[in-house]
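Chain identifiers are assigned alphabetically (A, B, ...) following the order of the sequence lines, protein sequences preceding nucleic acid strands; residue numbering begins at 1 within each chain. These values consider heavy atoms only, across backbone and side chains, with no hydrogens, waters or symmetry-generated copies.
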Amino acid sequence: MKENQDLNIIQFTQDLRVPATISKEEAWQRLEKNISNLSEKPNTQTRFPIYTFISLSIAASILLFIFYFALKQAPTKTFFFETQSSEVKKEILPDSSIIFLNANSTATFTYNKFRKKREVSLSGDAFFNVRKGKEFSVLFGGGQVNVLGTAFYVSAYSDRFISIECTEGKVRFEIDNQKVTLNAGEGIKSFDHILSEKFTVNEKDVKEKLNGVFFWQKISLAEIEELIENRLGYNVILETTLATRNFSGELLLTSPQSFLPTLAAAMNLDYTINDKEKTITLNAK
Amino acid sequence: MEGTKKGTDWFKTIFDEYYDYIRNYLFYLAGDIEIAEDLAQDVFMKLWENRDKVNESTLKPFLFKIAKNLFLNLHKRKKLNLEFVNSRLENIENESPQFVLEVKEFDEKLQRALSNLPEQCRTYFLLNRIDDMKYQDIAKSFGVSVKAVEKQISKAIKLLREQFDQKL
C-alpha cells in the first residue's frame, strides 16, 4: 500500500462517490412540485363563507390523517445479508463501516434509519470494523453492543452463547440488564445467561475466525457444541457428563472432519459423524 | 431558448445537466448530504425564479455562485467530516479480510485528509477527480484562471501527501 502513495491518493479519490438520500429523479419531482406551487399562488382577496371554511377544514384534516398513515407505512429499504456454512462475506455499510459475516450468519439494517441511527441486527458470527462517527449498535438476541469507532467480533448465533471480543477502541456490551465495557484486547462471553470474567484476546486470533480457525484459552464442550450446531448445522449428541469439561487450543471449524480428530484426541473422546442425518456423537473413551 | 420560452422542458434539461455537479459541490462544502440535497433544491428554485434574466452562456457559473452564497448564508463554517462511499471497497472480491481492512484504513485516512483541506483546493480537487470537470471547466465555472485552478489542485495533492506523511 505504501510504495506508490501519490498514485493511490489520486486513484482512491476517483473511487469515491458522493452519497445520496434521494435519487436524481426524486429530486426533480420535488423541484417540479415546488415550481407548480409557486405558479399557483392563492388569491388572498377571496372570502369564503363560513360553511365552506368548515368543509375545507374537515377535508384538510382527513387528508392530513391519510398522509400521516401513508408516511408511517412508507417503504423503507431493508438490507439483508446472509452466509451459508463455511462461507464468509464482506459487506460495506452506508457509512463505509465493514462487516465480515462469518458462516451461517445473517445481518440486517434499514437504509433510511441507518443514516440517522447506525444500527445493525445480527444473528451469528461477525467481525465489525466501524468507521468513527455517531454511536454504532449491533443488536442480537438478548443483548447489544454499542461503539463509536472501533473493531470487534461478535458471536451471537443464539442468546444461549454470546461472545464479544474487542480488538480496537472500546465497546459497551449489554446483556440481561448487565453492562460491561471492553477495551482493546479484552473479550467476554455469556453462556446460559452466565457472564464470564473478561479474558485476553489478540487481534490475529480474532481475525483467524474468519478463516474458520477458533482459538480458546478455555471453553466448555457444551459451548463448543452450541457453536458447532449453529455454525455447521449438525446436531451434536454429547454425554451430559462431558458438557462441563474444558478444552484449550485451536480448532478449524469448517466441517466436522476438520476439527473432530483434534478435539477427540485432546479430550480423549470417541466420535461418529452421520453426514446424512447431520449428527455428530461424542462419547468418553 | 430565451425569455419566456424557458419553460419546464428547458428547466428539466438544465437540471439533468447540472444537478449532480451542484449537489456534489455543496457536499464538498458542507460535508453533509442532507444539507447538500436541500440546498441544491434551493439553487434550482433560484434559477427558476430568475430564468428570464439568466444568460445561457453563464449558466454554470451562475449555479455555482448561488450554491456558494446559499451555503455561506445558511451555514457557518465548521469542522468538516466528509463521508464518501468508496466503490473500490464495495468491489473488492476474493481478497483476504486483512487486505480489505488495509484498504479501508487507507480510505479513512484519505477521507479525513480530504476533509482537512482548505475549501477552495478541496472543492476544485474533488470536482476534478470525482466529477471529471476539466481545469478549463472549473476555471470558467468559478470565474478564475486555469493557472489558479492548477495551483489549487497542486496544493491539494501536496497537502494530502503531507498529511499522509504525518501518519493521520
Inset, instruction - Could you list which of residues 127-148 of chain B have a heavy atom closer than 4.5 Å to any heavy atom of chain A, in residue-number order? - result: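 Within residues 127-148 of chain B, the residues that come under 4.5 Å of chain A (heavy atoms only) are B:Arg129, B:Ile130.
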Inset, instruction - Tabulate, in ascending numerical order, the residues of residues 25-33 of chain B having at least one heavy atom closer than 4.5 Å to a heavy atom of chain A, or enter 'none'. - result: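 Within residues 25-33 of chain B, the residues under 4.5 Å from chain A are B:Phe27, B:Tyr28, B:Ile33.
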Inset, instruction - Using the side chain to side chain contact (heavy atoms under 4.5 Å, CB included) rule, pick out the option among B:Leu101, B:Val100, B:Leu89 that qualifies with A:Lys90. - result: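 Single pass found, and it is B:Val100.
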Ignoring hydrogens, what is the shortest heavy-atom contact between [X] and [Y]? Give both atom names and the distance.
X	Y	result
B:Lys104	A:Val130	NZ-C, 4.0 Å
B:Leu82	A:Arg131	O-NH2, 3.2 Å
A:Phe12	B:Leu110	CB-CD2, 3.3 Å
B:Asp16	A:Lys24	O-NZ, 2.7 Å

Looking at [options], which makes the most heavy-atom pairs under 4.5 Å with chain A?
options	value
B:Met45, B:Gln111, B:Glu83, B:Glu37	B:Glu37
B:Asp20, B:Asn81, B:Leu126	B:Asp20
B:Tyr19, B:Phe15, B:Phe11	B:Phe15

Legend entry - A:Ser96 side chain to B:Phe84 backbone, donor-acceptor under 3.5 Å: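 Answer holds: yes.
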Inset, instruction - Could you tell me whether a side-chain N or O of B:Glu34 sits under 3.5 Å from a main-chain N or O of A:Thr21, the two making a donor and an acceptor? - result: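 Not a single qualifying donor-acceptor pair exists.
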Legend entry - Reported CD-to-CD distance for the pair A:Glu208 and B:Gln98, which is rounded to 0.5 angstrom: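 Atom-to-atom, A:Glu208:CD and B:Gln98:CD are 9.5 Å apart.
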Inset, instruction - Look up atom CD1 in B:Ile92 and atom CD1 in A:Ile92, then write down how far apart they are to the nearest 0.5 Å. - result: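 Output value for this atom pair is 7.0 Å.
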[X], part contacting chain B, at a heavy-atom distance under 4.5 Å:
X	result
A:Lys116	side chain
A:Lys207	side chain
A:Leu210	side chain
A:Ala151	neither

Please indicate whether [X] has more than 12 foreign heavy atoms, meaning atoms of other residues, nucleotides or ligands, lying under 6.0 Å from its [atom1].
X	atom1	result
A:Lys117	NZ	no
B:Lys151	NZ	no
B:Lys158	NZ	no

Legend entry - Validation row, ring centre B:Phe44 to ring centre A:Trp28 under 6.0 Å: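 For B:Phe44 and A:Trp28, the ring centres are not under 6.0 Å apart.
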Inset, instruction - Answer with side chain, backbone, both or neither: which region of B:Phe125 has an atom nearer than 4.5 Å to a non-hydrogen atom of chain A? - result: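 Only the side chain of B:Phe125 comes within 4.5 Å of chain A.
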Legend entry - Which portion of B:Glu49 sits near chain A, non-hydrogen atoms under 4.5 angstrom: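 When you check distances to chain A, only side chain atoms of B:Glu49 fall under 4.5 Å.
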Legend entry - Beyond-backbone contact of B:Asp38 with A:Arg30, side-chain heavy atoms, under 4.5 angstrom: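 Yes; the side chains approach each other to less than 4.5 Å.
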Inset, instruction - Using a 4.5 Å cut-off on heavy atoms from C-beta on, say whether the side chain of B:Asp107 contacts that of A:Leu16. - result: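 Sidechains of B:Asp107 and A:Leu16: in contact.
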